[in-house]
Amino acid sequence: MASSALARLKKAANLQPIKRVVTLTDGSTFEFYATALTMAERERAQKMPGGDDANGFALNLLVTKAVDEAGQRLFQAGEIAELKNEVADADLQAMMLAVIQNPEEQEADMKSTEG
């Protein structure tokens with residue numbers, strides 16, 4: 001029984017990369033892909049430098065999970081300082097939120113702010 005329950009949960013997880021679209025402060029859109037967050041990824045991001053802080057944790061997730069359409073990472077850990085210092089906070093916050101939220105939640109948020 002336990003293995004069938006685990007199989008059902010794994011199937012429901014759908015860990016395929018999903019397209020995320022963020023509107024930047026200049027009005028352009030930034031597209032990237034990310035899989036749903038797993039507990040192991042959450043734990044790794046918390047253990048990375050800065051992971052004990054909410055913003056640091058979310059930034060660690062963005063850096064480790066954001067990929068292009070081909071599955072290549074968009075950012076490297078060595079670019080965290082540049083992201084923090086040279087990217088608009090609103091843009092970075094929007095991208096970090098897109099990684100943490102499920103796409104369904106992101107769509108619901110977008111619809112609630114449109115009306």
Side-chain angles (χ1 to χ4, degrees):
M1 278 291 187
S3 62
S4 66
L6 178 58
R8 183 173 173 206
L9 290 171
K10 287 168 57 175
K11 183 178 179 184
N14 186 18
L15 296 178
Q16 297 301 311
I18 298 170
K19 184 177 184 178
R20 316 292 173 115
V21 180
V22 173
T23 302
L24 303 176
T25 52
D26 68 358
S28 66
T29 57
F30 185 84
E31 297 179 357
F32 64 97
Y33 292 77
T35 59
L37 180 63
T38 65
M39 184 178 282
E41 290 169 332
R42 179 185 303 273
E43 290 171 353
R44 276 194 299 275
Q46 288 171 330
K47 291 177 183 173
M48 290 173 67
D52 54 348
D53 161 79
N55 280 328
F57 166 73
L59 187 54
N60 288 342
L61 284 176
L62 175 67
V63 168
T64 58
K65 292 185 66 62
V67 297
D68 64 16
E69 198 168 0
Q72 299 297 309
R73 286 177 61 173
L74 295 178
F75 307 108
Q76 302 302 316
E79 296 175 320
I80 288 178
E82 274 184 88
L83 286 166
K84 289 168 87 172
N85 291 299
E86 298 181 32
V87 174
D89 183 59
D91 293 341
L92 202 52
Q93 294 289 334
M95 292 186 321
M96 292 185 308
L97 187 60
V99 168
I100 292 171
Q101 281 186 323
N102 290 327
E104 297 81 23
E105 292 172 351
Q106 193 176 6
E107 284 180 25
D109 283 352
M110 288 173 61
K111 288 177 183 171
S112 67
T113 57
E114 288 175 0

Pairs in or reaching into residues 83-98: which pass salt bridge (charged side-chain N to carboxylate O under 4.0 Å, His left out), with residues at least two apart or in two chains?
none
According to side chain to side chain donor-acceptor pair (under 3.5 Å), who are the partners of T29, at least two apart in sequence or on a separate chain?
none
Using the test side chain to side chain contact (heavy atoms under 4.5 Å, CB included), find all partners of A90 that sit at least two apart in sequence or belong to another chain.
T25
Can you pull out every salt bridge (charged side-chain N to carboxylate O under 4.0 Å, His left out) where at least one residue sits in residues 24-40? Sequence neighbours excluded, please.
K19-E31
How long is the span from the CZ atom in R73 to the CD atom in E79, to the nearest 0.5 Å?
9.5 Å
Specify the closest pair of heavy atoms between M95 and F32, including all atoms of both residues, with the distance to one decimal.
O-CZ, 3.8 Å
Can you name the side chain to side chain donor-acceptor pair (under 3.5 Å) partners of N85, sequence neighbours left out?
none
Between the main-chain N or O of M39 and the side-chain N or O of R44, is there a donor-acceptor pair closer than 3.5 Å?
no
Which distance, rounded to the nearest 0.5 Å, do you find between the NZ of K10 and the OG of S3?
10.0 Å
Report yes or no: do M48 and L92 belong to one cluster of Ile/Leu/Val/Met/Phe/Trp/Tyr joined by side chain heavy-atom distances under 4.5 Å?
no
Determine, step by step, whether L74 and Y33 satisfy the side-chain contact (heavy atoms from CB on, under 4.5 Å) criterion, reporting the C-alpha distance in whole Å, the side-chain angles of both residues, the deciding distance to 0.1 Å, and the verdict.
CA-CA 10 Å; L74 295 178; Y33 292 77; over 6 Å; no
Under 3.5 Å, sequence neighbours excluded: what are the donor-acceptor pairs made by side chains of residues 52-69?
| unit_1 | atom_1 | unit_2 | atom_2 | d |
| --- | --- | --- | --- | --- |
| D53 | OD2 | N55 | N | 3.1 |
| D53 | OD2 | G56 | N | 2.8 |
| N55 | OD1 | Q93 | NE2 | 3.2 |
| N60 | ND2 | A45 | O | 3.0 |
| N60 | ND2 | P49 | O | 3.4 |
| N60 | ND2 | G56 | O | 3.3 |
| T64 | OG1 | N60 | O | 3.0 |
| T64 | OG1 | L61 | O | 3.3 |
| K65 | NZ | T35 | O | 3.1 |
| K65 | NZ | T35 | OG1 | 2.8 |
| K65 | NZ | A36 | O | 3.4 |
| K65 | NZ | E41 | OE1 | 2.8 |
| K65 | NZ | E41 | OE2 | 3.2 |
| D68 | OD1 | A70 | N | 2.9 |
| D68 | OD1 | G71 | N | 3.0 |
| D68 | OD1 | Q72 | N | 2.8 |

